[in-house]
Protein chains: 2
Amino acid sequence: MLLPSSVNTTMTQQSVLSELLDRLKSEPCSYLSGCDLQHEGDRPQNLYYIQSGWVYAYVMLADGQRQILYLYQPGDIAGLSDVGMDRISCSLVSLSDCVVHAIPMKHVVSSQVLTPGVSVHLLQKSAEVQSCLMRTLVAIGRMTARQRVVWLILMFQDKLHQRHMVANIVDVPFNQSELGDLIGLTNVSVSKVLCDLSNEGFIERKGSQIRLRRRSDLEEMIHYHAIRRLAPFRGKLESTSTY
Amino acid sequence: MLLPSSVNTTMTQQSVLSELLDRLKSEPCSYLSGCDLQHEGDRPQNLYYIQSGWVYAYVMLADGQRQILYLYQPGDIAGLSDVGMDRISCSLVSLSDCVVHAIPMKHVVSSQVLTPGVSVHLLQKSAEVQSCLMRTLVAIGRMTARQRVVWLILMFQDKLHQRHMVANIVDVPFNQSELGDLIGLTNVSVSKVLCDLSNEGFIERKGSQIRLRRRSDLEEMIHYHAIRRLAPFRGKLESTSTY
DNA sequence: CGCAGATTTGAAAATCGTCAAAAACCGTGG
DNA sequence: CCACGGTTTTTGACGATTTTCAAATCTGCG
């Protein structure tokens, strides 16, 4: 049992998934940092429930450029973009050592796996990714380099917020080349912007840590709004009535 | 009844949705071109099943710039990015006169609506959007203006392919400012690239129609691959067994 | 025909990328 | 504790691409 499961029919989102993994007798897989979980062009095999560590999705272009698409955290589900597709559209790589559960795609698409509880959870996770991709698209499509970097820092803080929220400090798990690949810039541009922001007193840097000195100013600079999720639904998702 | 429904338990994707709409007693709504279906910042109310016409999602920035995020076609479902969110992240506007079914979000998240068949369909539709957003992100983040325009034309042809595939002719439903807003460019840049492509014999233009004269050359120019979906699943999605 | 919106064109300006070298950082091993 | 090698970050000069701005042209339609 991976996650706490409630005793009555009132299920939390998390326990719904945990029961699913139990039912599938899914064994967790461990990966070292930098391992490929799936590669662009393969056939979709699994969804991946990230139990611990970080995984990111990316695409390589023919000229060697890379676009990083999404950073998956513990609790996230990778591979939802490939449901119903003939081929996988992006590669998945572990950014740190991590533990992952593979959920065979064929079960997702065709079987008894999809209780209403599981379905809602998957839909919400898919929505989360979609929502973040949309915001990224706005940033990359319509913001200057400086604005994009600020956006990325703020988004990182929100994303890592739940886990280790320590006094406006963000521990960024990427180097500057990777940061550039996240927001369509070069490492040189990222470096320049970070130095500028530091010189202007918006942030302080120490190693991979960024301390937001004036978060509200940064938010105002790009009119940033955090994504807010609804409190997880806690109704009787297991209801068996009338289909 | 909107869509043909099969008589036995073997359900097509489409008929699954059609039955859902029946069950919800959903009445279609008609919109004129240019109407808001939902606006950024509202609370999520509905999913929108597009029965006919076009709808697109976009975000406005504080400085008046716009990023268009996705073009929904008949059969698509808009609003999937807002499942489980506190606030809507993008506005929806009709690009042509259209007919739309609203599916109340509260039913999606909490009720008996989610049969396995409906769930799979929603997940696949969500995956489609996610996949397209990822490709857009790669284009905007890592391609030059010319490559982005070529990418957009090819993607449009694929997207409009199913319906009216007439001899490599794409009828683009956007003006050049909107095309720019789709791929993070200005109308001026779009104009220049289109003129160049025309002069170089890659395309012919007549009004809003673009004829691809050498599609394979264009594909090679940007190493384009079409998205391919699996043949729609036709198993017994209505199976009532063992959850 | 005339109008309004859309597209094209050109020149100037700004942004960002490229390239290359220097500096800083980090873990390892003496 | 220090030296070393490899990676990452910083810096500066230069160039290319794209935007901005403005004017001219084109198009569709009443």
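Values below: all heavy atoms of this structure, side chains included; hydrogens, waters and symmetry mates excluded. We name chains A, B, ... by the order of the sequence lines, and we start the count at 1 in each one.
Rounded to whole angstrom, the span from the CG atom of B:Asn199 across to the C1' atom of C:dT9 amounts to 13 Å. Atom pair A:Gln209:CD and D:dT8:C1' shows a separation of 17 Å (rounding to whole Å applied). Distance CZ (A:Phe174) to C1' (D:dT9): 18 Å, rounded to an integer number of Å. Going from atom CG of A:Asn187 over to atom C1' of C:dA20 covers 13 Å, rounded to whole Å. Rounded to whole angstrom, the span from the CD atom of B:Gln147 across to the P atom of D:dT17 amounts to 11 Å. Atom pair B:Asp181:CG and D:dT19:C1' shows a separation of 14 Å (rounding to whole Å applied). Atoms CG (B:Leu194) and C1' (C:dT9) sit 15 Å apart, rounded to a whole Å. Distance A:Asn175 CG to C:dC25 P: 16 Å, rounded to the nearest Å.
A cation-pi arrangement is absent between A:Arg213 and A:Phe202, since the terminal nitrogen or guanidinium carbon is not both under 6.0 Å from the aromatic centre and inside a 45° cone about the axis. For the pair A:Arg135 and A:Tyr224, the cation sits on the ring face: its NZ or CZ lies under 6.0 Å from the ring centre, inside 45° of the axis.
Salt bridge annotation for A:Lys125-A:Asp76: present, with a cationic side-chain nitrogen under 4.0 angstrom from a carboxylate oxygen. Using a 4.0 Å cut-off between charged nitrogen and carboxylate oxygen, A:Arg142 and B:Asp63 do not count as a salt-bridge pair.
In this structure, B:Tyr56 has its ring center closer than 6.0 angstrom to the ring center of B:Phe174.
With a 6.0 Å radius and a threshold of 12 heavy atoms from other residues, nucleotides or ligands, A:Gln209 has its CD atom above the threshold.
Side-chain N/O atoms of A:Gln176 include none lying less than 4.0 angstrom from OP1 or OP2 on D:dT7.
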Polar-atom pairs under 3.5 Å, protein N or O versus N or O of nucleotides 14-19 of chain C: list them with distances, or write none.
{"unit_1": "C:dC16", "atom_1": "OP1", "unit_2": "A:Ala145", "atom_2": "N", "d": "2.6"}
{"unit_1": "C:dG17", "atom_1": "OP2", "unit_2": "A:Thr186", "atom_2": "OG1", "d": "3.3"}
{"unit_1": "C:dG17", "atom_1": "OP2", "unit_2": "A:Ser189", "atom_2": "OG", "d": "2.1"}

